[in-house]
2 protein chains.
Amino acid sequence: MLDLLAVDERPVGDLVQALGLSQPSVSKHLRVLRQVGLVRARRQGRRILYRTNAGAIKPLYEWAGTFERFWSQQLSRIKQRAESNPRESRGNP
Amino acid sequence: MLDLLAVDERPVGDLVQALGLSQPSVSKHLRVLRQVGLVRARRQGRRILYRTNAGAIKPLYEWAGTFERFWSQQLSRIKQRAESNPRESRGNP
DNA sequence: ACAACATATACCGATATCGGAATGTGTCAA
DNA sequence: TTGACACATTCCGATATCGGTATATGTTGT
């Protein structure tokens, strides 16, 4: 849902069709997303357009980023081992 | 829990005390985290040491990162407006 | 083999979540 | 104002999750 609403804002009906859920179900999901701030809504005529609030995802991004050092750490370990033992590159430990 | 296990590996008992939950509860949480791959376990004597599997968080990080362009976009919009209308910097729209 | 320790599993009640049918609310068009 | 449209809310049953107690499993030291 967040991905769908990230591209551009959409009315509820679009999501109903895209997700294959009932309209009430979609509305309820949107309500909690709105309450948590992950989604913003604005009325346009009869419709209500939703879009994902990218800013609300930033904290999650930053939290996940605190683990980044482990990835690069692992990469550098592998690289380091490969460079220090070039003759064993094709063999098993 | 993931944060606690990110610093270094810990036995279940540590988490029980750190989280104030019962031992079975902690064990069950660890089980689902293990099943989903967010956590790895290894036995050391009587204890079982858990650590968060940082690699499993990378996809989440990358997904959240797809929204990054919206943040910078907003930043550049603000900056752009501020630079094009320097006289209105202290006023309201 | 046995007792003590560390953890896992089974089981249970309370609560939360999910999804749908029925119904309420607001908006446009005539 | 009325009917139709788009969506929200209420109500309900089914299922999932949570946290605990009791118990089983595996490990170490004797």
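Per chain, numbering begins at 1; letters A, B, ... match sequence-line order.
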Distance-only donor-acceptor hits, side chain of residues 35-48 of chain B, under 3.5 Å, sequence neighbours excluded:
from, atom 1, to, atom 2, distance (Å)
B:Arg42, NE, B:Glu9, OE1, 3.2
B:Arg42, NE, B:Glu9, OE2, 3.2
B:Arg42, NH2, B:Glu9, OE2, 2.6
B:Arg43, NE, B:Gly45, O, 3.3

Protein-to-nucleotide contact annotation, 5' to 3' order, nucleotides 25-30 of chain C [B base; S sugar-phosphate only; - none; under 4.0 Å, heavy atom]: -SBBS-

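Of all nucleotides in DNA chain D having an atom under 4.0 Å from a heavy atom of chain B, the first and last in 5' to 3' order are D:dG19 to D:dT28.
Under the salt bridge (charged side-chain N to carboxylate O under 4.0 Å, His left out) criterion, the residue pairs touching residues 10-30 of chain B are B:Arg10-B:Asp14, with sequence neighbours excluded.
Not a single side-chain hydrogen bond (donor to acceptor under 3.5 Å, both in side chains) links A:Thr52 to another residue, sequence neighbours left out. Among residues two or more places apart in sequence or in another chain, the side-chain hydrogen bond (donor to acceptor under 3.5 Å, both in side chains) test is passed with B:Gln17 by none. In this view, A:Glu68 and A:Trp71, B:Tyr61 satisfy the side-chain contact (heavy atoms from CB on, under 4.5 Å) rule, not counting sequence neighbours. With sequence neighbours excluded, the residues satisfying side-chain contact (heavy atoms from CB on, under 4.5 Å) with B:Glu62 are B:Lys58. A:Ser25 is linked by a side-chain contact (heavy atoms from CB on, under 4.5 Å) to A:Leu21, A:Ser22, A:His29, counting only residues two or more places apart in sequence or in another chain. Under the rule for a side-chain contact (heavy atoms from CB on, under 4.5 Å), the partners of A:Leu30 that lie at least two apart in sequence or sit in another chain are A:Met1, A:Leu5, A:Val12, A:Leu15, A:Val26, A:Tyr50.
Classified by interplanar angle (parallel below 30°, tilted 30° to 60°, perpendicular above 60°), the ring pair B:Trp63/B:Phe67 is perpendicular.
Axis deviation across the helix from C:dA1-D:dT30 to C:dA30-D:dT1 amounts to 30°, comparing end segments of five pairs, rounded to 10 degrees.
Sorted by residue number, the members of residues 27-36 of chain B with any non-hydrogen atom under 4.0 Å from DNA chain C read B:Ser27, B:Lys28, B:Arg31.
When the side chains of ILVMFWY residues are joined at heavy-atom separations under 4.5 Å, either directly or via intervening members, A:Phe70 and B:Leu49 end up in two distinct hydrophobic clusters.
Considering all non-hydrogen atoms of both residues, A:Ala64 and B:Ile57 come closest at CB-CG2, 3.8 Å. In terms of heavy atoms, B:Ala56 sits closest to B:Pro59 at O-CD, 3.5 Å.
If you measure from atom CD of B:Gln23 to atom C1' of C:dT7, you get 5 Å, rounded to the nearest angstrom.
Between B:Tyr50 and C:dA6, a side-chain N or O to OP1/OP2 separation shorter than 4.0 Å is absent.
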